[in-house]
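Keep in mind that this is a model prediction, so the values were computed, not measured.
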Amino acid sequence: APLMPGPPGPPGGEAADASEVLAVSFNQDQSCLAVATTRGVKIFSLDAGLECVFEHRMGACRIAEMLFRSSLLVVVGAGETHDMSPRRLKVFNTSTRAVIADLPFPDTIAAVRLDRQKLVVVEARRATIFDLATLATQREIATARNERGVVAMTADETGETSLVALPAETFAAFTPPGTKANKTNTRGDGQRDGVFDSRVASRLGVVVVHDCLNHHAVCEIRAHRAPLAAMAFSSDGRYLATASERGTVVRVHVLPAADERFTKTFRRGVQGAVVRQIAFGPKTPNGGIALAASSEKGTVHVFRLATFEDDDEAVKKNKNASSLRASELNRTSSDARDAEGGDERKTKWQTWRALGVGASVAATAKLAGAVSVKLAGAALGRELARSAADALDAEREVATVRLPA
């Protein structure tokens with residue numbers, strides 16, 4: 001059912017509504033804004049010039065999520081009363097103001113996401129996937145410690161795709177279980193029987209993308225070397241952007257394989273700052289996709305992601321890489337350098353061309369950075385090579401906005 005306006009609030013206008021905003025969220029197509037306050041929930045229509053089209057003073061809410069422009073609204077209380085506990089999730093019909101379901105959970109609900117098919121509820125150490133039509137539990141996924149509620153979900157209005165990205169509880173080891181290299185591991189990094197323990201996974205910022213419709217993992221991404229702080233899918237589910245608690249870089253991974261050769265790194269800043277939100281925008285006038293990241297410092301950095309739409313060969317290689325990922329992770333640093341060198345140089349040149357970089361000075365600087373990364377990999381290994389890539393090969397923002405205090 002379409003979103004229906006609620007009855008007017010009590011007399012007194014804005015002065016009578018001295019509520020504090022606890023959370024805000026857009027619906028999946030960014031046509032509405034749901035605001036959770038100390039008094040209840042308000043929904044504003046962006047198409048109608050931020051007109052308030054729904055209000056329900058149910059008590060303090062800390063989470064409010066919509067399903068596109070339908071009458072379905074999911075809320076989580078802030079804990080002022082037992083009925084509005086942060087461990088209870090309520091599903092509302094905004095047209096009838098009736099509670100469709102009231103679901104209890106053993107732990108505080110950190111985040112909620114939903115699409116046409118599924119409802120995902122995130123707690124500190126797990127995520128539960130429900131069928132949206134019946135609210136039956138379909139799957140529970142263990143995660144790394146996730147009090148922030150870091151999660152991303154695709155927003156396919158057709159319901160044909162439903163992907164969710166979560167911090168991984170365990171990290172698949174570079175060597176499979178039962179192999180000699182695995183049995184003789186003495187590095188003390190938590191690698192046993194083909195997996196890393198949850199502490200190592202959390203520290204490394206590992207992401208697992210799950211297919212909620214077919215109930216399997218799509219890919220596993222070693223996104224960062226620090227715990228995750230924010231994630232977001234592009235509108236078509238092809239790209240996944242991630243940021244860590246360190247907050248100096250934002251990475252964009254190309255799905256489904258998430259091959260590191262096609263991962264783009266953007267420099268948010270030199271000093272660390274916790275990234276609060278990441279969001280993909282529309283295509284830019286010069287091609288590519290806009291990407292925005294907001295931090296606790298009150299700044300929003302806007303980047304431009306050059307896509308692979310004009311590079312059919314790169315797309316094909318990325319798709320084929322999903323079946324070869326395990327063997328690629330087993331390669332030595334020398335093999336990786338030999339195999340990736342030509343493709344990486346080709347991808348960099350196509351990216352410069354897509355961005356319109358024609359100055360020889362800029363091209364020379366980027367090439368020097370790439371050579372420095374390769375030399376670092378040769379001398380110090382892949383891990384330090386990745387650190388060098390963060391410093392030398394990251395793209396800068398195209399715009400920065402400082403929000404008013």
**Asked** Backbone N or O of Phe262 within a donor-acceptor pair of the Asp259 side chain at under 3.5 Å?
**Response** no

**Request:** Give a yes-or-no answer on whether the side chains of Thr143 and Asn146 include a donor-acceptor pair shorter than 3.5 Å.
**Result:** no

**Request:** Determine, for Asp83 against Lys90, whether the closest basic-nitrogen to carboxylate-oxygen distance falls under 4.0 angstrom.
**Result:** yes

**Asked** Should we count NE2 of His82 as having more than 12 external heavy atoms under 6.0 Å?
**Response** no

**Request:** State whether Asp236 and Arg238 are salt-bridged, where the test is any N-O pair (Lys NZ or Arg NE/NH1/NH2 against Asp/Glu carboxylate O) under 4.0 Å.
**Result:** no

**Message:** Has Arg69 got a side-chain atom pairing as donor or acceptor with Asp29's backbone, closer than 3.5 angstrom?
**Reply:** no

**Request:** Could you tell me which residues satisfy salt bridge (Lys or Arg N to Asp or Glu O under 4.0 Å) with Arg276, sequence neighbours excluded, listed by chain and number?
**Result:** Glu296

**Prompt:** Do the non-hydrogen side-chain atoms of Thr242 and Leu240 ever get within less than 4.5 Å of each other?
**Reply:** yes

**Fill in**
Arg116 and Gly159 have their tightest heavy-atom pair at CB-CA, 4.1 Å

**Prompt:** So, for Gly247 and Val275, which heavy atoms are closest and what is the spacing to 0.1 Å?
**Reply:** CA-CG2, 4.1 Å

**Asked** In Å and rounded to the nearest 0.5 Å, what is the OG to CZ distance from Ser235 to Phe280?
**Response** 9.0 Å

**Message:** To the closest 0.5 Å, what do you measure between OH (Tyr239) and CG (Leu255)?
**Reply:** 10.0 Å

**Request:** Identify which one of Met231, Glu220, Arg222 satisfies the side-chain contact (heavy atoms from CB on, under 4.5 Å) criterion when paired with Val207.
**Result:** Met231

**Message:** Using 0.5 Å steps for rounding, measure from the CZ atom of Arg57 to the OG atom of Ser19.
**Reply:** 7.0 Å

**Request:** Answer whether the closest heavy-atom distance between the side chains of Cys219 and His253 falls below 4.5 Å.
**Result:** no

**Asked** Can Ser162 and Asp115 be said to form a side-chain hydrogen bond (donor to acceptor under 3.5 Å, both in side chains), step by step?
**Response** CA-CA 7 Å; Ser162 182; Asp115 62 14; 2.7 Å; yes

**Asked** Should Gln117 and Leu132 count as side-chain neighbours, where that means a heavy-atom distance under 4.5 Å?
**Response** no

**Item:** Test of ring centre spacing under 6.0 Å for His56 and Phe92
**Value:** yes

**Prompt:** What class does the angle between the rings of Phe105 and Phe130 fall in, given that below 30° is parallel, 30 to 60° is tilted and above 60° is perpendicular?
**Reply:** perpendicular

**Prompt:** Between Ala36 and Ala64, which heavy-atom pair has the shortest distance, and what is it?
**Reply:** CB-CB, 4.2 Å

**CD1 on Ile109 to OG on Ser85, rounded to 0.5 Å** = 8.0 Å

**Message:** Minimum heavy-atom separation for Thr154 and Gly237, please, with both atom names.
**Reply:** CG2-CA, 3.9 Å

**Asked** Does the distance from a Lys or Arg side-chain N to an Asp or Glu carboxylate O, for Arg39 and Glu20, drop under 4.0 Å?
**Response** no

**Prompt:** At what distance, to the nearest 0.5 angstrom, does CG of Leu89 lie from CD of Glu65?
**Reply:** 10.0 Å

**Fill in**
Closest non-hydrogen atoms of Ala110 and Glu147, given as atom of the first, atom of the second and distance, are CB-O, 3.7 Å

**Message:** I'd like to know whether CD of Glu245 has more than 12 heavy-atom contacts from other residues, nucleotides or ligands below 6.0 angstrom.
**Reply:** yes

**Asked** Taking atom OG of Ser294 and atom CZ of Arg268, what is their separation to the nearest 0.5 Å?
**Response** 10.0 Å

**Asked** Given the rule in the salt bridge (charged side-chain N to carboxylate O under 4.0 Å, His left out) test, do Asp102 and Arg88 qualify, once you have shown the distances and angles that lead to the verdict?
**Response** CA-CA 7 Å; Asp102 190 345; Arg88 299 179 69 173; 2.5 Å; yes

**Request:** Check whether any side-chain heavy atom of Gln138 lies under 4.5 Å from a side-chain heavy atom of Lys118, and answer yes or no.
**Result:** yes

